[in-house]
Amino acid sequence: MSANERATRALREILQNPGNDACADCGAPDPEWGSCSLGVFICLACSGIHRNIPDIGKVKSLSLSHWEDHEVEFMAENGNELMRTRYEAAVPVYYYKPSHRDCQVLREQWIRAKYERKEFSEPGKKLMYEEGNRDGMLMKRGRDNGQFLSRRFVLSEVEGTLKYFTKYDAKEPKAVIKVDSINASFQPEKIGNPNGLQITYLKDYSTRNIFLYHDSGKEIVDWFNSIRAVQLHYLKVAFPGATDVELMPKVTRNFLKEGYMEKTGPRQTEGFKKRWFTLDRRRLMYFKDPLDAFAKGEVFLGNKDHGYSAGPGLPAGTHYNGAWQHGITIITPERCFLFTCESESEQQDWLKHFNDIMSTQMSPQEYTMEALFKHRH
């Protein structure tokens, strides 16, 4: 057996140790790379990020690279769990820890925050996200013309708001957004920028989207985590007896699903039209274009015990002129909504999400939202 074969076999044995079976940074299963600088096992995608960071950039393939004996020993002495206690000793509960499903900028800034800036190595260290306010310029997409222009944004923990101004020295903000109504999610593909961030909030009980980016990946991720920190602070004040575990689901979250479906109108005699759909908890919103500022309409998905259901197919006699054949019928106490999907797999995926939501008990806040929907419609 050659020296390299011995090294490969030894590394495979070390992989069996607790914590080494998933990427140390994003949790992807079965990591195939190792950091000789840190002693952690990582996936291919994260290894590319490591490689671009000085001082921690020495990474090797577990099966294709040549490993020295001292490097194998270093991996055995360290490993993912031990390094987590060192570099993730004090990750704040509000800080978004990305998974392998998240975009590049989130994963890169998480890795840089951990190993390069060592933000989470010292318990008790005050982080920039906790300063209670943030003021800076971000590129914002114009609602009507689609152009991105520089706008000043101000986040205030004391006021519980995110404001933006059309000019840096403007006295009055263009919008004042309450932090408890904000959702923020990275949408690089939709926005067409690797650092693209979508802010969604309620305005007069309707959903409003704004699309942002910053040339600096660190700056946009810092904004994202600062918003989450302010939101958690607000929630702790609003719900003084609640635990972090109970409050964190109310902080920014990824959409459950997005994509195109066709839909018809309330009389179900109009033609089916292609629309972009976003499922955010119990709210199914639809847009003419993915980058529209306002939803054309919304469907509230309540509990199945209260007259809500979702199933495959369309009602008999439905006037159908669309191109997509895989129907979905959502029934609410007020009306039926008819949709079609391009493929059976898309139909089944949407239905799974709808039925999972309808099987979940509603919170008091969701009952309030349901009442608002009924009042509006």
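Each residue takes its place number in the sequence, starting with 1.
Shown are Tyr129, Tyr95, Tyr87; of these, the ring pair (Phe, Tyr, Trp, His ring centres under 6.0 Å) with Phe120 is made only by Tyr95. Checking Met83, Glu119, Lys97 one by one against Glu88, the side chain to side chain contact (heavy atoms under 4.5 Å, CB included) holds for a single residue, Lys97. Of the listed residues (Asn209, Asn183, Asp280, Thr207), just one forms a side-chain hydrogen bond (donor to acceptor under 3.5 Å, both in side chains) with Thr200, and that residue is Asn209. With Thr278 as reference, Glu258 is the one residue of Lys190, Gln198, Lys257, Glu258 to meet the side-chain hydrogen bond (donor to acceptor under 3.5 Å, both in side chains) rule.
Distance check, rounded to the nearest 0.5 Å: CG of Asp356 to CG of Leu301 gives 11.5 Å. Atom CH2 of residue Trp350 and atom CD of residue Glu346 lie 7.5 Å apart, to the nearest 0.5 angstrom. Note: Leu11 CG to Gln16 CD = 11.5 Å, rounded to the nearest 0.5 Å. Atom CG of residue Asn355 and atom OG1 of residue Thr360 lie 10.5 Å apart, to the nearest 0.5 angstrom. One finds the OG atom of Ser226 at 9.0 Å from the CD atom of Glu219 (value rounded to the nearest 0.5 Å). One distance of note links CD of Gln104 with SG of Cys46; it measures 8.5 Å at 0.5 Å rounding.
One N or O on the side chain of Lys60 and one on the backbone of His66 form a donor-acceptor pair closer than 3.5 Å. A donor-acceptor pair under 3.5 Å links the side-chain atoms of Asp292 to the main chain of Asp289, judged by distance alone. With hydrogens and angles ignored, the 3.5 Å screen pairs a side-chain donor or acceptor of Asn195 with a backbone N or O of Asp215. Formation of a donor-acceptor pair under 3.5 Å by the Thr340 side chain with backbone atoms of Gln325 is not found in this model. A donor-acceptor distance shorter than 3.5 angstrom exists from the side chain of Arg107 to the backbone of Asp102, with no hydrogens or angles considered. A donor-acceptor contact shorter than 3.5 Å is absent between the side chain of Glu116 and the backbone of Ile111. Using modelled atom types, one side-chain atom of Arg228 and one backbone atom of Thr252 make a donor-acceptor pair closer than 3.5 Å. Remark: side-chain polar atoms of Glu71 are paired, donor with acceptor, to backbone N or O of Glu68 under 3.5 angstrom.
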Contacts table for residues 162-173: side-chain donor-acceptor under 3.5 angstrom, sequence neighbours left out:
| unit_1 | atom_1 | unit_2 | atom_2 | d |
| --- | --- | --- | --- | --- |
| Lys163 | NZ | Glu159 | OE1 | 2.9 |

In residues 240-249, what donor-acceptor pairs under 3.5 Å come from side-chain atoms, sequence neighbours left out?
| unit_1 | atom_1 | unit_2 | atom_2 | d |
| --- | --- | --- | --- | --- |
| Thr243 | OG1 | Glu246 | N | 3.2 |
| Thr243 | OG1 | Glu246 | OE1 | 3.4 |
| Asp244 | OD1 | Lys236 | NZ | 3.4 |
| Glu246 | OE1 | Thr243 | N | 2.9 |

All N/O donor-acceptor pairs, side-chain side in residues 19-30, below 3.5 Å, sequence neighbours left out:
| unit_1 | atom_1 | unit_2 | atom_2 | d |
| --- | --- | --- | --- | --- |
| Asn20 | OD1 | Asn80 | N | 2.9 |
| Asn20 | ND2 | Ile14 | O | 2.9 |
| Asp25 | OD1 | Lys114 | NZ | 2.7 |
| Asp25 | OD1 | Tyr115 | OH | 2.7 |
| Asp25 | OD2 | His50 | NE2 | 2.6 |

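Within the 4.5 Å cutoff, the side chain of Ile182 has heavy atoms near those of the Ile199 side chain. A heavy-atom distance below 4.5 Å is found between the side chains of Phe294 and Arg143. Contact of the Tyr308 side chain with the Arg282 side chain is not registered, since no non-hydrogen atoms from C-beta on lie closer than 4.5 Å. Looking only at side-chain heavy atoms (C-beta outward), Phe354 and Val299 stay at 4.5 Å or farther from each other. Between Thr329 and Ser309 there is no side-chain heavy-atom pair separated by less than 4.5 Å. The shortest side-chain heavy-atom distance between Glu370 and Asn303 does not fall under the 4.5 Å cut-off. Inter-residue side-chain proximity for Tyr94 and Leu127 is flagged as met; some heavy-atom pair is nearer than 4.5 Å. Taking 4.5 Å as the limit, some side-chain heavy atom of Thr318 sits within range of a side-chain heavy atom of Phe272.
Other residues, nucleotides and ligands place more than 12 heavy atoms under 6.0 Å from the NZ atom of Lys218. The 12-atom threshold is not exceeded at CZ of Arg86, counting heavy atoms of other residues, nucleotides or ligands nearer than 6.0 Å. Around the CG atom of Asp55, the shell of radius 6.0 Å holds no more than 12 heavy atoms that belong to other residues, nucleotides or ligands. For CD of Glu189, the number of neighbouring non-hydrogen atoms (other residues, nucleotides, ligands) closer than 6.0 Å is 12 at most. Sparse packing is recorded around CD of Glu344, with 12 or fewer heavy atoms of other residues, nucleotides or ligands lying under 6.0 Å away.
Asn133 and Ser156 share no side-chain donor-acceptor pair at under 3.5 Å.
Under the 6.0 Å distance and 45° angle rule, Arg275 does not count as a cation-pi partner of Tyr260.
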Query raised in the report: What do the steps show when you test Tyr96 against Trp110 for ring pair (Phe, Tyr, Trp, His ring centres under 6.0 Å), and what is the final call?
Result: CA-CA 8 Å; Tyr96 186 86; Trp110 164 236; 9.5 Å; no
Query raised in the report: Can Asp222 and Gln109 be said to form a side-chain contact (heavy atoms from CB on, under 4.5 Å), step by step?
Result: CA-CA 9 Å; Asp222 286 354; Gln109 292 308 313; 5.8 Å; no
Requested in this report: Applying side-chain contact (heavy atoms from CB on, under 4.5 Å), run through Phe211 and Gln187 and close with a yes or a no.
Outcome: CA-CA 9 Å; Phe211 302 96; Gln187 300 281 355; 5.8 Å; no
Query - Residue pair Ile42, Ile49: steps toward the side-chain contact (heavy atoms from CB on, under 4.5 Å) verdict - result: CA-CA 10 Å; Ile42 52 179; Ile49 298 170; over 6 Å; no
Query - ring pair (Phe, Tyr, Trp, His ring centres under 6.0 Å) evaluation trace for Phe339 with Phe277 - result: CA-CA 11 Å; Phe339 312 108; Phe277 285 80; 5.2 Å; yes
Requested in this report: Apply side-chain contact (heavy atoms from CB on, under 4.5 Å) to the pair Cys341 and Met261, showing each step before the final yes or no.
Outcome: CA-CA 5 Å; Cys341 302; Met261 290 192 287; 3.7 Å; yes
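Clustering ILVMFWY residues whenever any of their side-chain heavy atoms sit less than 4.5 angstrom apart, transitively, puts Leu138 in the very cluster that holds Tyr201. Hydrophobic clustering (ILVMFWY, side-chain heavy atoms < 4.5 Å, transitive): Trp33 and Trp67 are in distinct clusters. Residue Val179 is not grouped with residue Val154 when hydrophobic side chains (ILVMFWY) are merged at heavy-atom distances under 4.5 angstrom, including chains of intermediate members. Both Phe148 and Leu291 belong to a single network of hydrophobic side chains, linked directly or stepwise wherever heavy atoms of I, L, V, M, F, W or Y lie under 4.5 Å apart. Two different hydrophobic clusters hold Val105 and Ile191 under the rule that ILVMFWY side chains link at heavy-atom gaps under 4.5 Å.
Contact between Gly34 and Leu62 at its shortest, heavy atoms only, is N-CD2, 3.8 Å. Scanning all heavy atoms of the two residues, the minimum distance from Ser359 to Lys304 falls at OG-NZ, 3.9 Å.
Ion pairing between Glu130 and Lys125 fails under the 4.0 Å rule for side-chain N and carboxylate O.
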